[in-house]
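Below is one structure, written out as structure tokens, with a few remarks after it.
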There are 2 protein chains.
Amino acid sequence: MSKLAAQPLYRQVLREVMAAIEAGEWDEDESLPSETDLAKRFGVSQGTVRKALDALVADAVLYRRQGVGTFVAGTSDFLLRGLFTTPAGADGVKPSVELLSCVKIHAGEQLAEILGLRRAAALWQVRRLLRVGGQVIGLEEMLLPEANFPSLEMRRIRELKGNLRELCWRDFGVRLKDGQVRYRAVLAGQTEARLLMTDVNEPLLQLVRLAVDFEGRPQVWSVAWLRTEELAFEPPVLSPQV
Amino acid sequence: MSKLAAQPLYRQVLREVMAAIEAGEWDEDESLPSETDLAKRFGVSQGTVRKALDALVADAVLYRRQGVGTFVAGTSDFLLRGLFTTPAGADGVKPSVELLSCVKIHAGEQLAEILGLRRAAALWQVRRLLRVGGQVIGLEEMLLPEANFPSLEMRRIRELKGNLRELCWRDFGVRLKDGQVRYRAVLAGQTEARLLMTDVNEPLLQLVRLAVDFEGRPQVWSVAWLRTEELAFEPPVLSPQV
DNA sequence: GTTACATCTTTTGTCTTATATAAGACCTGT
DNA sequence: ACAGGTCTTATATAAGACAAAAGATGTAAC
């Protein structure tokens with residue numbers, strides 16, 4: 001292992017492992033070589049490899065099973081994650097994503113700032129719809145720097161069933177993870193109501209997030225509007241009685 | 001150190017350290033003994049103490065500064081945490097909490113299930129209001145098992161400026177951390193509107209959370225309604241143009 | 001006297017070695 | 001066929017040695 005120094009060993013190992021994953025050396029849900037083997041390969045001890053893998057497990061890039069092995073984790077879509085109470089959506093209904101549009105636009109001042117780009121840099125604007133059991137549940141707009149994702153085709157997005165996170169990973173080697181996430185409640189305007197096929201002034205959960213790559217660089221900025229009334233949530237709230 | 005076995009050493013150390021913190025052996029922001037000293041005290045190696053402290057740092061019970069020491073972290077309130085962009089609230093405005101009520105009620109079926117209590121167990125129902133710069137921003141209802149928090153007095157809550165998390169900690173030795181958190185958007189009903197001093201049908205962010213102690217046992221169930229329009233959020237959303 | 005700088009001490013952080021524990025595969029006797 | 005060892009290979013834990021960072025302290029130059 002090349003000792004660039006100025007950086008702890010386990011950090012270098014982490015990078016090397018990440019690079020190997022990005023190079024497609026091991027497939028999704030495929031087991032990596034054992035910690036001992038990786039240790040030999042990088043010329044460090046098992047404990048050091050372990051510390052590197054620990055960090056990747058914490059970032060949900062890998063998962064482990066004692067006595068069995070360490071595996072590459074899949075890349076499920078952000079939008080669909082953590083919205084439902086049951087793991088795969090209640091009642092056996094499967095959420096699906098419909099791609100609405102994918103066009104090139106130019107970054108405004110604030111957005112360029114947030115994504116660390118020069119002003120008016122080229123961006124992909126991707127819009128998609130989240131459906132659950134036939135009903136439209138959410139609308140999302142995502143903005144990606146064109147520089148990092150040069151050829152973003154609608155065909156390809158459709159191929160991956162709208163899973164942009166997987167696309168970023170497979171086609172561009174960028175592994176996204178959640179950065180900041182902000183929530184707020186808003187009323188549906190005309191545009192949102194039309195796209196969500198619901199009424200103006202329905203309350204919507206607005207989700208603003210900045211996804212970063214595993215080095216912490218901002219990569220995708222997105223806003224989603226969700227009809228939370230319809231979601232299979234926890235038992236509803238107590239009746240106020242004050 | 002008593003070797004109960006069936007549990008790794010570092011886990012036992014973790015418990016002992018946690019117990020010492022609960023016993024008030026070290027104050028908030030006070031430094032613990034060095035890892036080497038703790039190692040001597042518990043009769044284990046520094047590395048083992050380190051692994052125990054690692055876990056507590058991950059749970060934000062402790063924080064560390066290389067070359068300086070390890071310190072007991074404070075207990076800021078849940079409600080106020082992570083809502084603002086700037087660390088202490090924008091524009092120098094300080095959020096404050098007003099206690100509305102604190103009464104004893106009986107658990108419904110679902111709630112008893114969630115909190116792991118028998119049906120109709122006694123609960124404290126605490127209601128409080130979040131103010132920012134004079135304006136009412138949020139309303140929260142919290143439910144705590146009376147068994148775990150026997151004497152909950154309004155006077156005491158007021159003393160701690162409404163910080164229930166700190167109260168649970170100081171008076172009952174229960175260190176709370178976030179468990180599940182769910183978000184949804186709802187419209188203000190008459191009750192919420194009246195208490196929040198706003199209009200019916202304003203969109204509100206509803207936050208349902210279950211706080212657990214550091215052993216993972218559910219302790220506090222709460223619902224909050226927040227006026228997110230007023231919060232100092234990220235730059236507002238792009239104008240839809242589809 | 002004060003300041004710049006080296007050095008010492010104490011602390012957390014990293015790394016290796018050795019050993020324990022978990023899981024599954026493979027025997028092997030009934 | 002199947003129940004139960006035991007072998008192999010994985011991750012998990014523990015201890016000790018050493019490195020790096022931060023602050024305190026001493027000291028020479030001015």
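Distance A/Leu14 CG to C/dC15 C1': 16 Å, rounded to the nearest Å. Following rounding to the nearest Å, B/Phe42 (CZ) and D/dA15 (P) show an atom-to-atom distance of 13 Å. When the P atom of D/dA10 is taken as reference, atom CG of A/Leu62 falls 16 Å away, rounded to whole Å. Put simply, NZ on B/Lys40 is 15 Å from P on D/dA15, counting in whole angstrom units. For B/Leu32 and C/dT10, the CG to C1' distance is 15 Å, given to the nearest whole Å. One can place CZ of A/Arg64 at 12 Å from C1' of D/dT13, the figure rounded to the nearest angstrom. Look at OH on B/Tyr10: it is 21 Å from P on C/dT19, rounded to the nearest Å. Distance B/Gln7 CD to C/dT21 P: 13 Å, rounded to the nearest Å.
Evaluation of the side-chain hydrogen bond (donor to acceptor under 3.5 Å, both in side chains) rule for B/Thr70 yields no partner, not counting sequence neighbours. The salt bridge (charged side-chain N to carboxylate O under 4.0 Å, His left out) check on B/Lys40 picks up B/Asp37, with sequence neighbours excluded.
Taking 4.0 angstrom as the limit, A/Ser31 places none of its side-chain polar atoms (N or O) nearer than this to OP1 or OP2 of D/dA10. Under 4.0 angstrom from either OP1 or OP2 of D/dT11 there lies at least one side-chain N or O belonging to A/Thr70. Close to D/dT13, at under 4.0 Å from its OP1 or OP2, lies a side-chain N or O of B/Lys51.
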Using atom names, set out every protein N or O paired with an N or O of nucleotides 22-25 of chain D below 3.5 Å, distance rounded to 0.1 Å.
from   : atom 1 : to      : atom 2 : distance (Å)
D/dG23 : OP1    : B/Arg65 : NH2    : 3.0

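For A/Thr36, counting side-chain heavy atoms from C-beta on, the closest listed nucleotide (C/dC15, D/dA15, D/dT11) is D/dT11. When the nucleotides D/dA14, C/dT12, C/dT16 are ranked by their closest atom to the side chain of B/Glu35, C/dT12 comes out on top. Side-chain proximity of B/Ser34 to the nucleotides C/dT11, D/dA14, C/dC15 is greatest for C/dT11. For B/Gln46, whose side chain is taken as the heavy atoms from C-beta onward, the closest listed nucleotide among D/dA17, C/dT11, D/dA15 is D/dA17.
Using a 4.0 Å cut-off between charged side-chain N and carboxylate O, B/Arg41 and B/Glu25 make a salt bridge.
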Dump the intermediate steps for side chain to side chain contact (heavy atoms under 4.5 Å, CB included) on A/Met18 and A/Leu56, then the final yes or no. CA-CA 8 Å; A/Met18 197 67 203; A/Leu56 291 173; 3.8 Å; yes
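Nucleic acid contact class of A/Gly47 (heavy atoms, under 4.0 Å, all strands): base. At the heavy-atom level, B/Thr48 lies under 4.0 Å from the strands shown only through sugar-phosphate atoms.
Side chain to side chain, A/Glu35 and A/Gln46 meet the donor-acceptor criterion of an N or O pair below 3.5 Å.
Only one option out of A/Trp124, A/Trp169, A/Phe172 pairs with A/Phe149 in a ring-ring contact (aromatic ring centres under 6.0 Å, His included); it is A/Phe172.
Atom-to-atom distance recorded for A/Arg128:CZ and A/Asp77:CG is 4.0 Å, nearest 0.5 angstrom.
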